[in-house]
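Everything numeric here is computed off the predicted structure, so don't read it as measured data. What you see below is based on every heavy atom in this structure, not just the backbone, and it leaves out hydrogens, waters and symmetry mates.
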Amino acid sequence: ETCRPDLFLSVNFAGLDRYGEVQSILARAKVPVAVWCVDNPFHALSGVKTNAWKDLHLFVTDDWFLTPLERHGARSVHHLPLAAHPDFFQAAPDHPELADRLLFVGHSAFADKTAFFAGLSIREPLANEARDLLARGERPDFGWWAGRLGIEPFWPGPQARRAGLGAEQSGLAWRCDIIREASATGRLTVCGDTAWRDHIQAPFQSLPCVDYYGPLAGMYASADFVVGASSFLLPHGLTQRHFDVWAAGGCLLTDNTPGLAIFPEELTRPVTFATARDIGKLAHGLKNQRPGLIRAWRELIGREHTYRHRIRSILECIA
């Protein structure tokens with residue numbers, strides 16, 4: 001009402017109503033609108049009722065979605081990965097109890113998962129097929145589930161959630177495998193919700209959930225290794241840990257997501273595992289390389305992969 005902003009930036013369509021009224025008001029005021037989909041964009045779009053979203057500047061953290069979004073009519077779609085929070089570069093190892101341990105951080109389910117997937121289910125033969133893929137080091141992600149279920153188009157309507165449920169359940173099984181195998185080292189700490197104990201019978205130490213802006217950076221810096229798992233809801237996606245752990249001075253062991261292609265192979269290859277069974281051997285073999293890897297990764301993240309870089313990319317693209 002009092003000024004004309006240079007940009008209206010939404011994360012996951014927050015602040016934009018499902019019928020396009022807010023977008024129409026902004027268009028009339030000639031304010032450019034960008035949406036950064038940090039999660040699965042078709043999940044975010046499943047409640048949208050207007051075609052107007054196709055006129056927005058869309059940014060996705062996972063480049064797998066570029067072609068499907070364009071196929072659905074999006075006119076301006078760009079790849080924009082996650083990045084490091086600047087405060088993580090100030091982290092110090094302040095949790096000595098984690099000094100010789102592997103650390104896994106994460107929830108067993110995203111908020112309101114049950115309500116989001118209400119009325120949907122997975123047939124047991126498909127779930128078993130997905131489990132077999134995991135055992136072979138393959139990824140039953142959103143794209144795989146969409147293909148096996150014959151889901152296309154993904155919008156309008158909530159049908160993309162069917163593939164999402166399969167991917168989410170496969171992702172849970174994958175994270176359980178990772179925790180189970182990392183526990184075999186005898187030195188795993190899991191920081192997350194209590195439901196992990198319901199899913200996994202394994203000897204790991206538990207810590208309660210912590211605030212992202214609180215002690216997490218210091219925990220990353222303190223642990224011997226942080227064990228990460230990417231989300232199958234994003235076939236080529238990365239997580240905050242792919243950036244924040246290195247920024248904090250920690251060392252990340254990551255599963256083999258195609259999203260790692262944005263980083264140099266000489267840095268990703270030593271810290272990547274294909275199956276959960278590889279985790280213990282990988283951690284044991286990295287002892288001597290760990291300090292050099294941390295230095296190289298930290299320099300790379302600071303030079304190219306902070307949220308300052310991402311906001312600059314959005315502004316340059318809009319301009």
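- A 6.0 Å sphere centred on CG of D17 holds more than 12 heavy atoms belonging to other residues, nucleotides or ligands.
- The cluster map of Ile, Leu, Val, Met, Phe, Trp and Tyr, joined by side-chain heavy atoms under 4.5 Å apart, puts Y19 and V22 in different clusters.
- Aromatic pair H72/F42: centroids less than 6.0 angstrom apart.
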Review point. Under the side-chain contact (heavy atoms from CB on, under 4.5 Å) criterion, do L133 and R139 qualify, and how do the steps go?
Key: CA-CA 6 Å; L133 286 179; R139 299 172 65 82; over 6 Å; no
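- Other residues, nucleotides and ligands contribute at most 12 non-hydrogen atoms within 6.0 Å of the CZ atom of R308.
- Between R131 and P140, the closest side-chain pair of non-hydrogen atoms is not below 4.5 Å.
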Practice item. Please test H43 against S46 for side-chain hydrogen bond (donor to acceptor under 3.5 Å, both in side chains), starting from the C-alpha separation and ending with a verdict. Key: CA-CA 5 Å; H43 276 186; S46 61; over 6 Å; no
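- The aromatic ring centroids of F243 and Y307 lie 6.0 Å or more from each other.
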Practice item. Could you walk me through whether V271 and L252 pass the side-chain contact (heavy atoms from CB on, under 4.5 Å) test, one step at a time? Key: CA-CA 7 Å; V271 297; L252 177 73; 6.0 Å; no
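- Judged by distance alone, the side chain of R161 and the main-chain N or O of A118 form no donor-acceptor pair under 3.5 Å.
- Counting only distance, with no hydrogens or angles, the side chain of H236 and the backbone of T257 share no donor-acceptor pair below 3.5 Å.
- Relative orientation of the F142 and F154 rings is tilted, given thresholds of 30° and 60° on the angle between their planes.
- A continuous path of ILVMFWY side-chain contacts below 4.5 Å connects L82 to F232, so both sit in one hydrophobic cluster.
- A salt bridge links R175 to E168: at least one charged side-chain nitrogen sits closer than 4.0 Å to a carboxylate oxygen.
- Using a 4.5 Å heavy-atom cutoff, the side chains of L80 and I314 are in contact.
- Note: the hydrophobic cluster containing L7 does not contain V77 (ILVMFWY, side chain heavy atoms under 4.5 Å, direct or indirect links).
- Using a 3.5 Å distance cut-off with no hydrogens or angles, the side chains of W145 and S170 do pair a donor with an acceptor.
- Residues H78 and W36 are not in side-chain contact: their nearest non-hydrogen atoms beyond the backbone lie 4.5 Å or more apart.
- In terms of heavy atoms, L102 sits closest to A182 at CD2-CB, 4.3 Å.
- Other residues, nucleotides and ligands contribute over 12 non-hydrogen atoms within 6.0 Å of the CG atom of D198.
- The NE2 atom of H107 lies 10.0 Å from the CH2 atom of W196; values are rounded to the nearest 0.5 Å.
- In this structure, W246 contributes its side chain and A296 its backbone to no donor-acceptor pair below 3.5 Å.
- Formation of a donor-acceptor pair under 3.5 Å by the T272 side chain with backbone atoms of T268 is found in this model.
- Taking the centre and axis of the six-membered ring of Y220, the NZ or CZ atom of R241 falls outside the cone set by 45° and 6.0 Å.
- Both V38 and L315 sit in one connected hydrophobic cluster of ILVMFWY residues. Membership requires side-chain heavy atoms under 4.5 Å apart, directly or through other members.
- Counting non-hydrogen atoms of other residues, nucleotides and ligands closer than 6.0 Å to CG of D6 gives a total of 12 or fewer.
- Atom OG of S222 sits about 11.5 Å away from atom CG of D100, to the nearest 0.5 Å.
- In N128, the CG atom is crowded: over 12 heavy atoms of neighbouring residues, nucleotides or ligands sit closer than 6.0 Å.
- Proximity of I262 to L238: side-chain heavy atoms (C-beta onward) are separated by under 4.5 Å at one or more points.
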Practice item. Output, in order, the C-alpha distance, side-chain angles, deciding distance and verdict of side-chain contact (heavy atoms from CB on, under 4.5 Å) for D87 and Y213. Key: CA-CA 9 Å; D87 288 354; Y213 299 101; 5.5 Å; no
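- Contact check for R187 versus D224: side-chain heavy atoms found under the 4.5 Å cut-off.
- Checked by atom type and distance alone, the side chain of D244 pairs as donor or acceptor with a backbone atom of H85 at under 3.5 Å.
- Summarising the geometry, atom NZ belonging to K54 is positioned 12.0 Å from atom CG belonging to L56; distances are rounded to the nearest 0.5 Å.
- Between atom OG1 of residue T306 and atom CD1 of residue I301 there is a gap of 9.5 Å, rounded to the nearest 0.5 Å.
- Residues A34 and I318 share a closest heavy-atom pair of CB-CD1, 4.2 Å.
- No side-chain heavy atom of Q23 sits less than 4.5 Å from a side-chain heavy atom of F8.
- The distance from the CG atom of L172 to the NZ atom of K113 is 5.5 Å, given to the nearest 0.5 Å.
- Sparse packing is recorded around CD of E21, with 12 or fewer heavy atoms of other residues, nucleotides or ligands lying under 6.0 Å away.
- Under a 4.0 Å N-O distance rule, the pair D278/K281 does not qualify as a salt bridge.
- Q201 CD: 12 or fewer foreign heavy atoms inside a 6.0 Å radius.
- Within the 4.5 Å cutoff, the side chain of Q205 has no heavy atoms near those of the E97 side chain.
- Note on L126 and W174: separate hydrophobic clusters, where clusters join Ile, Leu, Val, Met, Phe, Trp and Tyr whose side-chain heavy atoms are under 4.5 Å apart, directly or indirectly.
- In R123, the CZ atom is not crowded: 12 or fewer heavy atoms of neighbouring residues, nucleotides or ligands sit closer than 6.0 Å.
- L300 and L267 make their closest contact through CD2-CD1, 3.9 Å (heavy atoms, listed as atom of the first residue, atom of the second, distance).
- Across all their heavy atoms, N12 and C37 have their closest contact at OD1-CA, 3.3 Å.
- In this structure a side-chain-to-backbone donor-acceptor pair under 3.5 Å is missing from E70 to R75.
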Exercise for review: Apply side-chain contact (heavy atoms from CB on, under 4.5 Å) to F110 and F116, showing your working.
Suggested key: CA-CA 10 Å; F110 62 81; F116 188 79; 4.1 Å; yes
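- Listed here is the closest heavy atom pair of R180 and A202: CA-CB, 4.4 Å.
- The backbone N or O of E181 sits nowhere less than 3.5 Å from a side-chain atom of R277 that would complete a donor-acceptor pair.
- Using a 4.5 Å heavy-atom threshold, the side chains of H199 and I179 count as separate.
- Atom OG1 of T61 sits about 7.0 Å away from atom CG of D39, to the nearest 0.5 Å.
- With ring centers used as reference points, W53 lies 6.0 Å or more from F13.
- Side-chain rings of W297 and F263 approach one another, their centers coming within less than 6.0 Å.
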Practice item. Check the pair D255 / S230 against side-chain hydrogen bond (donor to acceptor under 3.5 Å, both in side chains), numbers first and verdict last. Key: CA-CA 7 Å; D255 58 344; S230 56; 2.9 Å; yes
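- When every heavy atom of A221 is checked against every heavy atom of A91, the shortest pair comes out as CB-CB, 4.4 Å.
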